[in-house]
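When a residue number appears, it is its place in the shown sequence, counting from 1.
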Amino acid sequence: MTTQPTAFVLSYERPIFLWATLDSLWRNTKLGVRFVLLDNASQDPAVRQVIEGFDSRGMFDEIEWGTTNDPLRTQKAIAARRGDLGERFFFVENDVIVPDTVCWASEYEAIAAEDPKAGMIGSFCDPADFPDPEKVRALHPNSSSKEIAFLAKSNSPERSFILQPGMRVWPNPDQHPPGRLVRLSTEAIDRVGYCADRELGRRMRAVGLTTKVCTTFQHRHLSLLNAYDLNDEIYAEKRKAFFVAMNADDTPAGRYNRIAKIFQRGLRPIGRR
């Protein structure tokens, strides 16, 4: 078993976002961690260039080059390395920027030290990156109101989460953190499995574990800027496919099946936590 915690970074396409994420993690993670890069069969050649560039810096302990766009990539990676994970590990998506004022991982560790039952610890994003719906509408004049709401993330609860000065942990014990930048208890994942953040939080609280939102910092979620930065035909197709899929059957089985189909078609659900 390794002495340092593992941080899994899941990568798929979007090389500019990926570069920003890796640079942020490389510069601002002060806690010693083992970075394991999981690439989910990206087709954009710039992705490999970005990853190899940071590998040349000495960032990664492992790089896993997936040959298929597998929706269970993270679950399989966790299971394959279970014996080396220790009591906790981290998970990061390739569209996150961590702050340079504090070490995000150390902040999570401090909260975990105070609560042995903490199964999942994360943080909210900086709401300043949420786009103005009217500006999004101007960029996409032929889109429906529902599509505009999706692109602008108009209904995201993170828009309304206001952090109070001096707040260290979000006061609502039933609030799950977004799954894009989290610390996970290995024992907790053994008990309830690994899944999307909302369901993961529900499962953990159901077995007596806690879910915590660290409020000493906010991360940036670059996918909030998709409407501005990913406006080419390829990503427009992906956004459309994801919008159609996510408005289909809303049962748990339906949600899983439609997301799996998106992955099978090679379309990563952009902006999805």
Can the ring centroids of Phe89 and Phe8 be said to lie less than 6.0 angstrom from one another?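 Distance test on ring centres: under 6.0 Å, yes.
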Kindly state whether the ring of Phe35 and the ring of Trp26 have centres lying under 6.0 angstrom apart.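 Ring-ring flag for Phe35/Trp26: false, centres at least 6.0 Å apart.
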Side-chain heavy atoms of [X] within contact of [Y], under 4.5 Å:
{"X": "Ile97", "Y": "Leu222", "value": "yes"}
{"X": "Arg137", "Y": "Ser145", "value": "yes"}
{"X": "Ile51", "Y": "Phe60", "value": "yes"}
{"X": "Leu22", "Y": "Val9", "value": "yes"}
{"X": "Val96", "Y": "Arg220", "value": "no"}
{"X": "Ile16", "Y": "Asp229", "value": "no"}
{"X": "His176", "Y": "Leu200", "value": "no"}

Among all residues two or more places apart in sequence or in another chain, which pass the salt bridge (charged side-chain N to carboxylate O under 4.0 Å, His left out) test with Asp55? none
Apply salt bridge (charged side-chain N to carboxylate O under 4.0 Å, His left out) to Asp100 and list each qualifying residue two or more places apart in sequence or on a separate chain.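 Asp100 satisfies salt bridge (charged side-chain N to carboxylate O under 4.0 Å, His left out) with no residue once adjacent residues are dropped.
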State the [atom1]-[atom2] distance between [X] and [Y], to the nearest 0.5 angstrom.
{"X": "Ile148", "Y": "Ser143", "atom1": "CD1", "atom2": "OG", "result": "4.5 Å"}
{"X": "Leu38", "Y": "Phe91", "atom1": "CG", "atom2": "CZ", "result": "8.0 Å"}
{"X": "Leu139", "Y": "Asp132", "atom1": "CG", "atom2": "CG", "result": "10.0 Å"}
{"X": "Thr29", "Y": "Trp104", "atom1": "OG1", "atom2": "CH2", "result": "5.5 Å"}
{"X": "Lys146", "Y": "Ser154", "atom1": "NZ", "atom2": "OG", "result": "13.5 Å"}
{"X": "Leu10", "Y": "Arg73", "atom1": "CG", "atom2": "CZ", "result": "8.5 Å"}

Does [X] pair with [Y] as a salt bridge, N-O distance under 4.0 Å?
{"X": "Arg81", "Y": "Glu62", "result": "yes"}
{"X": "Lys153", "Y": "Glu158", "result": "no"}
{"X": "Arg203", "Y": "Glu199", "result": "yes"}

Are [Y] and [X] connected in a single hydrophobic cluster, I mean Ile/Leu/Val/Met/Phe/Trp/Tyr linked by side-chain heavy atoms less than 4.5 Å apart?
{"X": "Leu37", "Y": "Ile78", "result": "no"}
{"X": "Leu31", "Y": "Phe54", "result": "yes"}
{"X": "Val50", "Y": "Ile63", "result": "yes"}
{"X": "Val92", "Y": "Leu184", "result": "no"}
{"X": "Leu18", "Y": "Val33", "result": "yes"}

Just by modelled atom types, is the [Y] backbone N or O under 3.5 Å from a matching donor or acceptor in the [X] side chain?
{"X": "Thr186", "Y": "Gly86", "answer": "yes"}
{"X": "Asp197", "Y": "Gly179", "answer": "yes"}
{"X": "Asn28", "Y": "Ser24", "answer": "yes"}
{"X": "Glu13", "Y": "Asp44", "answer": "yes"}

CA sep, side-chain torsions, deciding dist, call: Arg82, Asp190, salt bridge (charged side-chain N to carboxylate O under 4.0 Å, His left out): CA-CA 9 Å; Arg82 174 61 185 86; Asp190 287 344; 2.6 Å; yes
Decide whether [X] and [Y] meet the rule of one side-chain donor and one side-chain acceptor closer than 3.5 Å.
{"X": "Arg14", "Y": "Ser223", "answer": "yes"}
{"X": "Thr216", "Y": "Glu107", "answer": "yes"}
{"X": "Asp95", "Y": "His221", "answer": "yes"}

Nearest non-hydrogen partners of [X] and [Y], listed with the distance:
{"X": "Pro177", "Y": "Val182", "value": "CG-CG1, 4.4 Å"}
{"X": "Cys214", "Y": "Ile111", "value": "CB-CD1, 3.4 Å"}
{"X": "Val98", "Y": "Leu25", "value": "CG1-CD2, 3.9 Å"}
{"X": "Arg34", "Y": "Asp61", "value": "CA-OD1, 3.4 Å"}
{"X": "Asn40", "Y": "Tyr12", "value": "O-CD1, 3.1 Å"}
{"X": "Glu64", "Y": "Ala77", "value": "OE1-CB, 4.4 Å"}

Decide side chain to side chain donor-acceptor pair (under 3.5 Å) for Ser42 and Arg48; before the verdict, give the C-alpha distance in whole Å, the side-chain angles of both, and the deciding distance to 0.1 Å. CA-CA 8 Å; Ser42 297; Arg48 180 175 286 271; over 6 Å; no
Are Thr210 and Arg205 close enough, and set up right, to give a side-chain contact (heavy atoms from CB on, under 4.5 Å), and what steps lead you there? CA-CA 6 Å; Thr210 62; Arg205 292 189 296 274; over 6 Å; no
Let me have the donor-acceptor pairs involving side chains of residues 116-127, under 3.5 Å, with sequence neighbours excluded, atom names and distances please.
from   : atom 1 : to     : atom 2 : distance (Å)
Ser123 : OG     : Tyr108 : OH     : 2.8
Ser123 : OG     : His219 : ND1    : 2.9
Asp126 : OD1    : Ala128 : N      : 2.9

Kindly write out the residues that satisfy ring pair (Phe, Tyr, Trp, His ring centres under 6.0 Å) with Phe17, not counting sequence neighbours, or none if the list is empty.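 Phe17 satisfies ring pair (Phe, Tyr, Trp, His ring centres under 6.0 Å) with no other residue.
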Partners of Ala188 by side chain to side chain contact (heavy atoms under 4.5 Å, CB included), sequence neighbours excluded?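 Applying side chain to side chain contact (heavy atoms under 4.5 Å, CB included) to Ala188 gives Ser185, Met204, Leu209.
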Side-chain donor-acceptor distances from residues 164-171 under 3.5 Å, at least two apart:
from   : atom 1 : to     : atom 2 : distance (Å)
Arg168 : NH1    : Glu114 : OE1    : 2.8
Arg168 : NH1    : Glu114 : OE2    : 2.9

Are His140 and Leu151 close enough, and set up right, to give a side-chain contact (heavy atoms from CB on, under 4.5 Å), and what steps lead you there? CA-CA 9 Å; His140 303 273; Leu151 288 172; 3.8 Å; yes
Apply salt bridge (charged side-chain N to carboxylate O under 4.0 Å, His left out) to Arg88 and Glu187, showing your working. CA-CA 8 Å; Arg88 82 285 199 210; Glu187 181 182 359; over 6 Å; no
Give a yes or no on whether Arg27 atom CZ has more than 12 heavy-atom contacts from other residues, nucleotides or ligands under 6.0 Å away.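 It does not: Arg27 CZ has 12 such atoms or fewer within range.
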